[in-house]
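To start, the structure under review is shown below, and the notes come after it.
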Amino acid sequence: MRWSQYFINTLREVPADADVISQKLMMRAAMIRKVAAGIYTYLPLGLRSMQKLEAIVREEMGRAGAIELTMPTIQPSELWIESKRWQVYGKELLRVKDRHGREFCYAPTAEEVITDTVRDAINSYRSLPVNLYQIQTKFRDEVRPRFGLMRGREFVMKDAYSFHANRESLDEIYEKMRVAYGAIFNRCGLDHVAVDADTGNIGGSASHEFMVLAQSGEDAVVSCPNCSYGANVEKATSKFFGEPAAAQIEELAPIHTPGTQSIDDVGKFLGKPTSQLVKTLVFDTDKGCVMVLVRGDREGNEIKIKNYLSAEFLEMMPDARFESATGGPIGYCGPVGTKAPRVLADVSLKGLTNWVVGANKSDTHYTGANPGRDFQEPEYGDFTTVFAGDPCPRCATPLEIHRGIEVGHVFKLGTKYSAAMNCTFLDEKGAREPMIMGCYGLGIGRTVAAAVEQSHDDDGIIWPMPIAPFEVVVTQIGKEDNVRAAADDIYRQLRDAGIDAILDDRDERPGVKFKDADLIGFPLRIGIGAKSLAISQIEWSFRKDRAKQLGAAEEVVESVISEVRAARI
RNA sequence: CGGGGUGUGGCGCAGUCUGGUAGCGCACCUGCUUUGGGAGCAGGGGGUCGGAGGUUCGAAUCCUCUCGCCCCGACCA
C-alpha cells in the first residue's frame with residue numbers, strides 16, 4: 001500500500017472527549033473515529049487490525065471445531081419473549097419497531113436466534129454436538145459508554161454457541177474453547193489470565209473470563225502468585241481461618257454511641273479496630289428483606305449474596321423503607337431484636353464472640369452480643385469481597401489483585417435457553433431432552449484496544465506483529481530519484497514476499513513521517529534516505545526500541561522478512 | 001437516574017461576565033526558502049457560534065425551551 005494513496009489522517013492533538021490511552025491513541029492514529037457516544041467508525045487502519053484479529057479467531061475456532069455462520073443484528077421480539085429476556089433485559093436492549101409496528105431489538109447477543117436455528121435443524125443425539133459461531137456487530141445501550149472501543153455501545157464480538165446431548169460433551173467442547181481462547185490471546189502477544197467468573201445476566205453454571213492485564217482495566221482480578229488460582233473479584237474467595245473465641249463471654253450491654261452511623265465512627269468512638277466490629281448491611285430482594293452481617297473491615301459482595309439467595313433482584317434497602325423493614329434506624333441497625341426475617345453472616349464472623357452491633361435504637365450499640373444467645377444463629381456463608389493479601393483458597397498464599405480488561409468470557413449455559421425455547425433432541429432411548437448449551441464470547445474491538453492499552457509509549461502505539469495494521473513501514477526519506485527508486489524497490493520486494501508493508505511515499509519532511517510511523521506503531525520500519533544510500537546502506541528498526549541497524553538492501557530485506565515471519569506465529 | 005460541566009471551521013481552544021456583527025494554534029490551498037524526529041516567511045479558502053423561540057436598533061454574548069457530548073455519583077448504614 002502506498003501511503004499517499006491510502007486514507008490516513010493522523011491528529012496532532014487529542015480529541016477532548018477521549019478518556020483512555022487506547023482511545024486517544026487510536027483516534028490520533030486514524031484507526032477509529034467517534035460518530036456518537038459509544039459508536040465508532042473503524043477507519044481503514046483500525047479495520048485492518050480488527051480483521052487480522054478476526055482471521056486469528058477464525059483459525060482457532062476452526063481448530064476447535066466451531067463452524068461459522070452469520071445471524072441478523074435486528075431480531076424479532078417473539079424469540080426474546082420466548083426466552084423471557086425481552087422482559088428481563090431492561091434498557092440495555094435497544095428496541096425498535098418496523099413500519100408495521102412490529103417489535104424488534106438490535107441484538108446484544110444471539111442465544112435466542114441460534115437456539116431457534118438449532119431446534120429447527122437438529123432432532124437427534126446423532127447430530128450433536130454442534131458448535132456454531134459468528135463474528136458480528138452487537139449493540140448494548142450502555143448507561144454510560146466510555147473508554148472508546150473498550151466499552152462502546154456498538155461493538156464487534158465473536159460469539160459461539162455449542163449444543164450437546166450430555167454434560168460430558170459440553171465439558172469437552174468448553175475445554176477446547178478455553179484452549180482456543182488462550183491460543184488467540186497468546187498469538188496476539190497479550191499478557192492475560194483466565195479466571196473463574198460470575199455468570200451474571202446470561203445464566204448458567206461454570207464460567208471463565210479472559211482478562212488482559214492493564215492498569216486501566218475496569219475489572220479487578222484476584223490471582224494467586226503461587227498456584228494457578230484466579231478469579232474475578234465478584235467471585236473470588238479466600239481461605240478464612242476464623243477468629244478465636246474470646247476467653248470470656250460477655251453480657252449483652254447497650255452503650256450510648258451518639259453520632260456514629262458509620263463503622264469507622266463506631267471504631268473511633270470505642271477505640272477498637274473495625275475488624276472487631278460487626279457491620280450490618282440490609283438488602284431489599286425479591287425474596288424479601290435480608291440482613292447481612294460482615295466484619296467491620298470487610299466489604300459486602302452483592303453478587304455473592306444474590307447468588308446465595310438465588311435472588312433475581314437485590315439492592316441496598318432504600319432509606320424510605322429502612323426502618324419499617326428492620327425495626328431500627330439507619331446506622332444503628334443490628335441483629336438483636338431485628339424485624340428482618342432473614343439474617344446472614346459472613347464466614348469471617350464465624351467463631352467471633354462478643355460482637356459490637358447496632359441496637360436498633362438511635363445512638364445506641366450493643367457490646368457483648370453473641371449469636372445463638374442474644375439473637376438467632378445466622379446463616380453463615382461467603383458474603384464479602386476478597387482483599388489483596390487474603391490467603392488463597394487453595395494454597396493460602398497471599399492473593400494479588402490486578403486490573404484487567406475482560407476480552408473473552410465462556411459459559412456453561414446448561415438448559416436455560418433450550419428448555420425455555422423447547423430446543424430438544426431424542427436420545428438413544430427415544431426420550432426427548434433439552435439440549436445442553438455452552439456459549440463463548442470474545443470482544444474483537446475490545447481486544448484490539450486492550451492490546452494498545454498494554455503496549456504503547458509516549459509516542460504512540462507499539463503493535464504486536466499479528467494484529468498490526470501493517471507489519472512494516474518503508475519510509476522514503478527525501479525525494480531524490482534514487483531514494484524514490486530504492487524505496488519503491490524495497491517495498492515491492494517485501495510485498496512480493498507476502499509481507500504486509502506500507503510505503504510512506506508522501507511528500508513530507510522526514511520528521512513528520514517518523515512521528516506518524518511511531519504514532520501508528522508499525523512494528524518494523526525500514527528507512528531509505530540519500531545519506532545511507534550514498535554508502536549503499538539502508539536502515540531498519542523495531543518500533544519497540546527504535547534502535548537503528550544499517551545494512552545492505554538485500555540483507556535488510558532478508559532480515560525484515562524473517563523477523564516478520566518469526567513474529568507471525 | 002441524580003449532580004456538575006460543555007457545545008464557536010476537520011482537531012484543540014479564546015471571545016460570553018460587561019451585547020456592537022467572530023478570532024488564535026494545528027490541519028488545508030498557493031508561492032518562495034527549507035529537508036534525518038511534527039520547518040520558516042508571505043498570501044489564501046473555510047464557521048447559519050448545537051437547535052428553536054424570545055428580549056433588543058443590534059445577540060456567540062441576555063432570557064426560555066430543547067438536543068448532543070463529557071465528567072462525577074448510584075457499597076453507604
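A, B, ... follow the sequence lines: proteins, then strands. Residue 1 opens every chain.
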*Looking only at side chains, do A:N370 and A:N354 share a donor and an acceptor under 3.5 Å apart?*
yes

*Name all residues meeting the ring pair (Phe, Tyr, Trp, His ring centres under 6.0 Å) criterion together with A:Y332; count only those two or more places apart in sequence or in a different chain, and write none if there are none.*
A:H365

Watson-Crick/G-U partner (both atom distances under 3.5 Å) of [N]:
N: B:G19; value: none
N: B:G12; value: B:C24
N: B:C65; value: B:G51
N: B:G73; value: B:C1
N: B:A39; value: B:U33

Quickly work out the [X] [atom1] to [N] [atom2] distance and round it to whole Å.
X: A:K306; N: B:C75; atom1: NZ; atom2: P; answer: 13 Å
X: A:I32; N: B:C11; atom1: CD1; atom2: P; answer: 15 Å
X: A:E302; N: B:C75; atom1: CD; atom2: P; answer: 7 Å
X: A:E13; N: B:A27; atom1: CD; atom2: C1'; answer: 10 Å
X: A:D297; N: B:C75; atom1: CG; atom2: C1'; answer: 15 Å
X: A:D284; N: B:A77; atom1: CG; atom2: P; answer: 18 Å
X: A:N9; N: B:C26; atom1: CG; atom2: P; answer: 16 Å

*Tell me, yes or no, whether the heavy-atom count around A:E103 atom CD, taken from other residues, nucleotides or ligands under 6.0 Å, exceeds 12.*
yes

Taking the [atom1] atom in each of [N] and [M], what is the distance between them to the nearest angstrom?
N: B:G58; M: B:A22; atom1: C1'; value: 15 Å
N: B:A39; M: B:C26; atom1: P; value: 11 Å
N: B:G9; M: B:G25; atom1: P; value: 16 Å
N: B:C69; M: B:C11; atom1: P; value: 15 Å
N: B:U8; M: B:A77; atom1: P; value: 42 Å
N: B:G51; M: B:G68; atom1: P; value: 15 Å
N: B:G2; M: B:A60; atom1: P; value: 32 Å
N: B:C41; M: B:G54; atom1: C1'; value: 49 Å

*asked:* Before we go on, tell me: are the rings of A:Y6 and A:F470 under 6.0 Å apart, centre to centre?
replied: yes

*Using a cut-off of 4.0 Å between protein heavy atoms and nucleotide atoms, how would you tag nucleotides 33-47 of chain B 5' to 3' with B, S and -?*
-BBBBBB--------

Under 3.5 Å, N/O pairs linking protein and nucleotides 67-71 of chain B:
{"residue": "B:C69", "atom": "OP1", "partner": "A:A37", "partner atom": "N", "Å": "3.3"}
{"residue": "B:C69", "atom": "O3'", "partner": "A:K34", "partner atom": "NZ", "Å": "3.2"}
{"residue": "B:C70", "atom": "OP1", "partner": "A:K34", "partner atom": "NZ", "Å": "2.9"}
{"residue": "B:C71", "atom": "OP1", "partner": "A:D19", "partner atom": "OD2", "Å": "2.3"}

_Give me each pair satisfying ring pair (Phe, Tyr, Trp, His ring centres under 6.0 Å) with a member in residues 7-48 of chain A, each pair once, sequence neighbours excluded._
none

_Partners passing salt bridge (Lys or Arg N to Asp or Glu O under 4.0 Å) against A:R153 (at least two apart in sequence or in another chain)_ = A:D141

_Checking A:D346 now: which residues fulfil salt bridge (Lys or Arg N to Asp or Glu O under 4.0 Å) with it, not counting sequence neighbours?_
none

_Sequence-distant partners of A:R373, side-chain hydrogen bond (donor to acceptor under 3.5 Å, both in side chains), two or more places apart_ = none

*Can you name the side-chain hydrogen bond (donor to acceptor under 3.5 Å, both in side chains) partners of A:R543, sequence neighbours left out?*
A:D457

*Residues two or more places apart in sequence or in another chain: which of them pass side chain to side chain contact (heavy atoms under 4.5 Å, CB included) with A:K548?*
A:R525, A:E539, A:S541

